[in-house]
Amino acid sequence: ILSTGGGHLVRADGNPRAAMLCNIMGAVINTVLDAVFVFGLQMGMRGAALATVIGQMVAAMMILFYLVRYKTVKLERRHLRLTWSYTSTLTKLGVANFFNQIAMMIVQIILNKSLTYYGAMSKYGEAIPLACAGIISKVGMVFFSICIGLSHGMQPIASFNYGAENYRKVK
């Protein structure tokens with residue numbers, strides 16, 4: 001959460017390159033350590049999980065290092081205290097996304113349980129249907145990541161031009 005959410009804060013501070021560098025470093029470390037732990041040290045799934053945790057922690061530490069040296073905002077201890085006005089506003093803004101994530105989690109749990117239950121009855125076993133569904137979802141995420149990346153890259157440009165009433169550029 002810190003590396004992903006913190007990247008948005010770094011970008012908002014006016015440094016998109018630093019945000020990109022933090023994300024890329026985490027991903028590169030994860031990828032390199034995956035190969036080392038899984039293939040080199042024969043650690044299997046445990047090694048892949050460890051590589052992911054290490055990559056995320058490095059990215060989070062880089063974000064923290066940047067956040068204590070903000071250019072535009074001085075982050076102080078008093079900013080980290082919960083206040084009702086901020087908490088209620090954040091809750092109002094986040095409750096829809098919260099329930100959306102809960103619903104997707106429930107669907108994923110039911111899908112996984114169904115695949116393992118009915119897969120165990122097939123000649124392929126319970127692991128193959130679950131692995132196939134995982135592969136399909138990862139391939140789908142590549143497509144969605146491209147779409148999300150293009151839309152996130154386009155939004156500031158469209159918003160700026162819309163605010164400037166330059167509708168031709170928005171189109």
Side-chain angles (χ1 to χ4, degrees), residues 1-12 16 19-67 79-156:
I1 291 172
L2 182 60
S3 63
T4 304
H8 296 300
L9 294 174
V10 171
R11 249 189 312 284
M20 181 182 67
L21 179 66
C22 293
N23 285 332
I24 287 175
M25 284 300 295
V28 167
I29 289 171
N30 183 4
T31 305
V32 170
L33 290 180
D34 267 339
V36 170
F37 291 159
V38 173
F39 300 118
L41 300 177
Q42 302 294 316
M43 293 176 68
M45 189 62 72
R46 183 173 288 150
L50 183 61
T52 301
V53 169
I54 292 171
Q56 287 292 316
M57 288 190 70
V58 168
M61 288 173 25
M62 290 174 70
I63 293 287
L64 277 174
F65 182 78
Y66 184 90
L67 291 180
H79 295 128
L80 302 176
R81 288 192 196 111
L82 291 178
T83 61
W84 177 249
S85 62
Y86 292 144
T87 305
S88 64
T89 302
L90 288 172
T91 302
K92 290 174 192 172
L93 292 172
V95 74
N97 286 331
F98 170 76
F99 284 119
N100 189 28
Q101 290 294 321
I102 294 295
M104 288 190 301
M105 179 189 70
I106 291 169
V107 167
Q108 191 66 47
I109 290 170
I110 292 170
L111 174 67
N112 288 350
K113 291 288 186 183
S114 298
L115 287 170
T116 54
Y117 178 77
Y118 292 110
M121 295 179 190
S122 73
K123 66 179 181 178
Y124 302 110
E126 65 181 31
I128 299 296
L130 192 60
C132 289
I135 291 167
I136 291 167
S137 71
K138 294 296 182 196
V139 170
M141 282 307 297
V142 169
F143 172 75
F144 287 123
S145 294
I146 292 169
C147 294
I148 291 168
L150 290 173
S151 67
H152 281 198
M154 182 269 317
Q155 283 173 349

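Every residue two or more places apart in sequence or in another chain that forms a side-chain contact (heavy atoms from CB on, under 4.5 Å) with L9 is listed here: L67, Y70. The side-chain contact (heavy atoms from CB on, under 4.5 Å) test applied to L90 returns no partner, not counting sequence neighbours. Taking S114 as the reference, I110, Y118 meet the side-chain contact (heavy atoms from CB on, under 4.5 Å) condition, with sequence neighbours excluded.
R11 and A19 get closest at one heavy-atom pair: NH1-CB, 3.5 Å. Taking each heavy atom of P129 and G119 in turn, the nearest pair found is CG-CA, 3.8 Å. Taking both residues in full, the closest heavy atoms of S151 and I148 are given as OG-O, 2.9 Å, listed atom of the first, atom of the second, then distance.
Applying the side chain to side chain donor-acceptor pair (under 3.5 Å) rule to pairs touching residues 82-95 yields nothing, sequence neighbours excluded. Within the structure, the side chain to side chain donor-acceptor pair (under 3.5 Å) test picks out the following pairs touching residues 97-113 (sequence neighbours left out): Q108-N112.
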request  = Please lay out, stage by stage, how V142 and K138 fare under the test side-chain contact (heavy atoms from CB on, under 4.5 Å).
outcome  = CA-CA 7 Å; V142 169; K138 294 296 182 196; over 6 Å; no
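Side-chain contact between F143 and V139 is absent, with no heavy-atom pair separated by less than 4.5 Å.
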Please tabulate, for the side chains in residues 36-63, all donor-acceptor contacts under 3.5 angstrom to protein atoms that are two or more places apart in sequence or on a different chain.
| unit_1 | atom_1 | unit_2 | atom_2 | d |
| --- | --- | --- | --- | --- |
| Q42 | NE2 | F39 | O | 2.6 |
| T52 | OG1 | A48 | O | 3.0 |
| Q56 | OE1 | S3 | OG | 2.9 |

